[in-house]
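Keep in mind it's a predicted model, so treat the numbers as computed, not measured. In what follows, every heavy atom counts, from backbone to side chain, and hydrogens, waters and symmetry copies are set aside. So that the names make sense, note that chain A is the first sequence line, chain B the second, and so on, each numbered from 1.
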Amino acid sequence: MFLLADCNNFFASCEMVFNPKLEQKPLVILSNNDGMIIARSPKAKALGVQMGDPAYLYKNRADIIMLSANFVLYSDMSQRVMQTLAKFSPDIEIYSIDEAFLELEDRADLDGFCKEIRQTVKQWTGIPVSIGAAPTKTLAKLASEWAKKAGGVFVFRNNEIEERLAQTELKEVWGIGEGLSDRLKRKGIYTALQLIQADDVWIQKQLGVTGFRTVLELRGTPVFELSEEPEKKKSIVCSRSFGQKVTELSLLEEAVASFAARAAEKLRDQMSLTSFLSVFTESGSCHVHIPNATSYTPELITLAKEGVRRLFRQGAEYRKAGVMLGDFTEDRQGDFLTPAKSDKGEAMKVMDAINARYDRPKVQFAAEGIKRPWKSRRSNCSPKFTTSWNELVKV
DNA sequence: TCTGGGGTCCTAGGACCC
DNA sequence: TCTGGGGTCCTAGGACCC
């Protein structure tokens, strides 16, 4: 059986753990730059606040608490939840910041086991989770949604498929988004049950092979396996909206240098080298092939700055920019002109180690800027309760 | 007059996920 | 006036190979 453990209102729940007064209030968490709503507490949902709503819609609502996103806190809390879940099965796939699949043998008391998991996560971390259990990952995803209305746990076996799927709308299904859902509706398919009863060839034609796999899973045939090892990324992006419009080239250079440095950190973290860099703004992009694959921040900063100089137009107002890395390798293909050995890698290791160890100020490159007027707005952010000695929760 | 059959790689765009 | 930041996979079509 596959279990999907899904944290309820995850970002809002993280805030409530350290500030229980928030439990009584409509609470929303804002995206970077405080632009839009990316998480809502139950009370905020009850008021009709939608995911993705722009923040300004609620600016004058004194009853709604709005917090800037505190991703440092959320990812630390996520790790605690995942470590707790891993105690219950060695076969665990961390699917996203707030979801994990577990795979285990079916058992008569599976319902009780799921309740125990839920209880333990709540007690050890403070985070409420919903758990769905089913013979396939796609059905487990559905079950976890039903769990939210069934006391937190829902165990789902093959003999209930028809009955349940008859009441399941297409867009609730993992892998079927709004586009495909609308397309199928126009063909007269409204429920998941109608979909799994359709003709195989027809389904493949409408949904492609990915959609067909989803249908097999809905029928109770496992297709998607648990992937326990996090795959290495094939591309890495770092992009941000600016806190204020940027019109000066020097500031735009600072920003992309800083994005390149963050992307390079992620690249070294998965021990890859990149041979492709792209710089982009709202109005265009500039791609560079890198002959000697690298993860050395200064080289990437240089390329990013060159790229943005080519994109820059005097008089234009820039609201966001980003850097993307791609075409990764693990080994450098040497050439006669590049020294085989250098201390570049060691320098990056030391820098990464210092930055991992200390909260702030971080070691950074001068090119990333000091004052950074382009930084995203984060006007109402909670402390880093669990990761900064200066911001520990006070009791 | 009549003209095959089998591949690969790359890219852009679309769809989806959190 | 104000609206994030990441990722993945698949497909079709073009270009090319023998």
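- If you check every strand for non-hydrogen atoms under 4.0 Å, A/L180 touches sugar and phosphate atoms only.
- Taking only side-chain nitrogens and oxygens, A/T210 never comes nearer than 4.0 Å to OP1 or OP2 of B/dA15.
- Distance from the side chain of A/S241 is smallest to C/dG5 among C/dT3, C/dG7, C/dG5.
- Atom C1' of nucleotide C/dG6 and atom CD1 of A/I97 are separated by 11 Å, given to the nearest angstrom.
- Distances from the side chain of A/M36 to the nucleotides C/dG4, C/dG6, B/dA15 place C/dG4 closest.
- Ring planes of A/F276 and A/H287: parallel class, angle under 30° (limits at 30 and 60°).
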Under a cut-off of 3.5 Å for both distances of each Watson-Crick or G-U pair, what dot-bracket string does DNA chain B give, using [ ] for crossing pairs and | for inter-strand pairs? ....||||||||||||||

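- You'll find that the side chain of A/N32 is closest to C/dG5, out of C/dC2, B/dC18, C/dG5.
- Partners of A/R213 according to the salt bridge (charged side-chain N to carboxylate O under 4.0 Å, His left out) rule, which considers only residues two or more places apart in sequence or in another chain, do not exist here.
- Between the CD atom of A/Q206 and the P atom of B/dG14 there is a distance of 18 Å, rounded to whole Å.
- Between A/V49 and A/Y58, some side-chain heavy-atom pair lies under the 4.5 Å cut-off.
- Residue contacts for A/L57: at a heavy-atom cut-off of 4.0 Å it reaches no nucleic acid atom on any strand shown.
- Comparing C/dT3, B/dA15, B/dC18 by their closest approach to the side chain of A/R183 singles out B/dA15.
- A heavy-atom distance below 4.5 Å is found between the side chains of A/K233 and A/I236.
- Counting any heavy atom pair closer than 4.0 Å across all strands shown, A/E231 reaches no nucleic acid atom.
- A/I37 comes within 4.0 angstrom of nothing in the nucleic acid, heavy atoms only.
- Here A/D53 lies out of heavy-atom contact (under 4.0 Å) with every strand.
- Phosphate proximity of C/dG6 to A/K266: present, with a side-chain N or O under 4.0 Å from OP1 or OP2.
- Side-chain N/O atoms of A/R213 include none lying less than 4.0 angstrom from OP1 or OP2 on C/dC9.
- Counting only heavy atoms from C-beta on, A/C238 has its side chain closest to C/dG6 among C/dG6, C/dC10, C/dG5.
- Each of A/I38 and A/V209 was assigned the nucleotide of DNA chain C with the nearest heavy atom; the assignment lying further toward the 5' end belongs to A/I38.
- Among the atoms of the strands shown, only primed sugar atoms or phosphate atoms (P, OP1, OP2) are found under 4.0 Å from some heavy atom of A/R319.
- Between A/K320 and A/E282, none of the side-chain N atoms (NZ, or NE/NH1/NH2) sits under 4.0 Å from a carboxylate O, so this pair counts as no salt bridge.
- Comparing C/dT8, C/dG6, B/dA15 by their nearest atom to the side chain of A/K234 picks out C/dT8.
- Taking only side-chain nitrogens and oxygens, A/K141 never comes nearer than 4.0 Å to OP1 or OP2 of B/dC16.
- One finds no side-chain N or O of A/K320 lying less than 4.0 angstrom from the OP1 or OP2 phosphate oxygen of C/dT3.
- Side-chain nitrogen and oxygen atoms of A/S96 include none within less than 4.0 Å of the OP1 or OP2 phosphate oxygen of B/dC17.
- Outside the 6.0 Å centre-distance limit, the rings of A/W374 and A/Y318 are not counted as a close aromatic pair.
- If you check every strand for non-hydrogen atoms under 4.0 Å, A/G52 touches a base.
- Between A/D63 and A/K43, none of the side-chain N atoms (NZ, or NE/NH1/NH2) sits under 4.0 Å from a carboxylate O, so this pair counts as no salt bridge.
- Side-chain atoms of A/T247 and A/E317 include no donor-acceptor pair closer than 3.5 Å.
- A/K344 and A/E299 are joined by a salt bridge, as a carboxylate oxygen and a charged side-chain nitrogen come within less than 4.0 angstrom of each other.
- Distance CG (A/D34) to P (C/dG5): 11 Å, rounded to an integer number of Å.
- A sub-4.0 Å separation between OP1 or OP2 of C/dG6 and a side-chain N or O of A/R240 is present.
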